[in-house]
Protein chains: 2
Amino acid sequence: MARPRSPLLSVDAIVTAALALVDETGDFSFPKVARRLGVSQSALYNHIDNREHIVELMRGRVFAAPAPVDLENSPWEDALRALVRAYRGCTVAHPRLVPLLITQTVQDLGVIGIYEDMAVVLERAGLGREAVVPAISTIDYLVLGSALDLTAPEVVWAPPEGQYPVLSRAIAGLGSVEERADAAFSFGLEVLVAGVRTQALHGIY
Amino acid sequence: MARPRSPLLSVDAIVTAALALVDETGDFSFPKVARRLGVSQSALYNHIDNREHIVELMRGRVFAAPAPVDLENSPWEDALRALVRAYRGCTVAHPRLVPLLITQTVQDLGVIGIYEDMAVVLERAGLGREAVVPAISTIDYLVLGSALDLTAPEVVWAPPEGQYPVLSRAIAGLGSVEERADAAFSFGLEVLVAGVRTQALHGIY
DNA sequence: ACCTGAACACCGTTCAAGT
DNA sequence: ACCTGAACACCGTTCAAGT
């Protein structure tokens, strides 16, 4: 075939195929993406640099449109909750992407924009400047961690009978994977809000 | 050679070699582990089941001996801090292992034991039973997330000039990778303690 | 029981060749 | 500019063969 009259591939098509594979199987590979798109493996390199590049493009796609948040006209606590929930909302549709995101530096400007919004709200909350980045990091851990839990099997920890009584009791009567991940996220978010409130009051951690 | 008079390999030796590779390079492979140990790749399968099994054995090794914590004779806040810091202490020596741990279910009993201790302290703090597992999950996110940050490059987020002013200001004057990871962890831990305190008082998140 | 070596089905990336 | 096909250096896992 050689060069076609109009391109068979595009960055967008590659990202779509890769993301679909991640959603379905938890991973992607060049051979599989190429097969989906009906091209040869090496053709991908005409549009993207390497594997990392595809991952970063997927990050951009997934975090492109967080639910808009009105930062101005609500107390910082509500603004922070809304912002973090919007951020988390992006991950929920593609939780299996999270392991690929976690080991790679954030370059996507959409995500940087979300961080900026968080920084604004956190300063408004009264957090010292030196605590803003730690706070954003903590939020990142919470959002990505609880997204990761969405991909976990039904039984996460299986303590053997008898030993570990307190943990066993706490585990009994837990809901589905989604309910557990949501509960952990909601708990973490309220802990965060309460913690930021006291940090803003008393400073220095 | 075939079967030697005394075994060339052992589970321990395999785990040691794999962990050394992870510490040095961020990953391990069967060929590389085998080369280190001077055996053929397939010989490893006489001692371990598969790749996941090696990862789980590494988890056990790394979390085998957290610094002991006196849970009884101190206020729950101090006990919780000590427990979480001991947990984190285990990861600091092997931060590059964290990405491998994060996608795999915890089976190791040492780690389950740490969770049990946390559950005890969290109940003592007055947390409702339904909040214990969410709290432990939140702690997990914090510890593993901040360990992950230890492996990040010096520049994590690089917002372009001009836009993102608040974030840029917050980033300016950050310390080294270790300092940033420590600051995020310490911030998250104090937020956690403060948050658990208010959760215990007011319940329901 | 415990090793070797060959085999298999995968990877990511490069590069010459074609239009 | 944009594709194919072959090549290279990697993976994890299995299995027959040897002692």
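Convention: sequence-line order gives letters A, B, ...; per-chain numbering from 1. Both backbone and side-chain heavy atoms feed into the values below; hydrogens, waters and symmetry mates do not. In this text the structure is predicted, and so the values were computed from the model without any measurement.
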Requested in this report: Write down the partner of D:dT19 under the Watson-Crick or G-U wobble criteria, each distance required to be under 3.5 Å.
Outcome: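 Check on D:dT19: paired to C:dA1, both distances under 3.5 Å.
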
Query raised in the report: Does D:dC8 have a Watson-Crick or wobble mate here (both distances under 3.5 Å), and if so which one?
Result: C:dG12

Query raised in the report: Just to confirm, is there a sub-4.0 Å distance from OP1 or OP2 of C:dC3 to any side-chain nitrogen or oxygen of B:H47?
Result: yes

Requested in this report: Output, in order, the C-alpha distance, side-chain angles, deciding distance and verdict of side chain to side chain contact (heavy atoms under 4.5 Å, CB included) for A:L57 and A:I48.
Outcome: CA-CA 9 Å; A:L57 290 167; A:I48 50 90; 3.8 Å; yes

Query raised in the report: Of all the choices, C:dT4, C:dC3, D:dC3, which nucleotide is nearest to the side chain of B:S40 once you look at every atom?
Result: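 Nucleotide nearest to B:S40's side chain: C:dT4.
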
**Report entry** Rounded distance (Å) that lies between atom C1' of C:dC2 and atom CG of B:L37
**Finding:**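 These atoms are roughly 15 Å apart.
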
**Report entry** For atom CG of A:N46 and atom C1' of D:dC2, their distance in whole Å
**Finding:**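 Between C1' of D:dC2 and CG of A:N46: 5 Å.
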
Report task. Not counting sequence neighbours, list each pair that qualifies as a ring-ring contact (aromatic ring centres under 6.0 Å, His included) and has a residue in residues 39-72 of chain B. Result -> B:F30-B:Y45, B:F63-B:Y87

Query - A:R51 and A:D27 ion-paired at < 4.0 Å - result: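 A salt bridge is present here (some side-chain N lies under 4.0 Å from a carboxylate O).
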
Query raised in the report: Does the distance from a Lys or Arg side-chain N to an Asp or Glu carboxylate O, for A:E52 and A:R59, drop under 4.0 Å?
Result: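 Judged by the 4.0 Å cut-off on N to carboxylate O distance, A:E52 and A:R59 do not form a salt bridge.
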
Query raised in the report: Can you list every salt bridge (charged side-chain N to carboxylate O under 4.0 Å, His left out) pair that touches residues 88-98 of chain A, not counting sequence neighbours?
Result: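 Residue pairs passing salt bridge (charged side-chain N to carboxylate O under 4.0 Å, His left out), neighbours aside: A:R88-A:D182.
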
Report task. Mind checking the OG1-CZ spacing from A:T91 to A:F185? Nearest 0.5 Å is all I need. Result ->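 CZ of A:F185 is found 8.0 Å from OG1 of A:T91.
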
Report task. Using a 4.0 Å cut-off on protein heavy atoms (strictly under), produce a 5'-to-3' string for nucleotides 7-14 of chain D with B for base contact, S for backbone-only sugar-phosphate contact, and - for none. Result -> ----SBBB

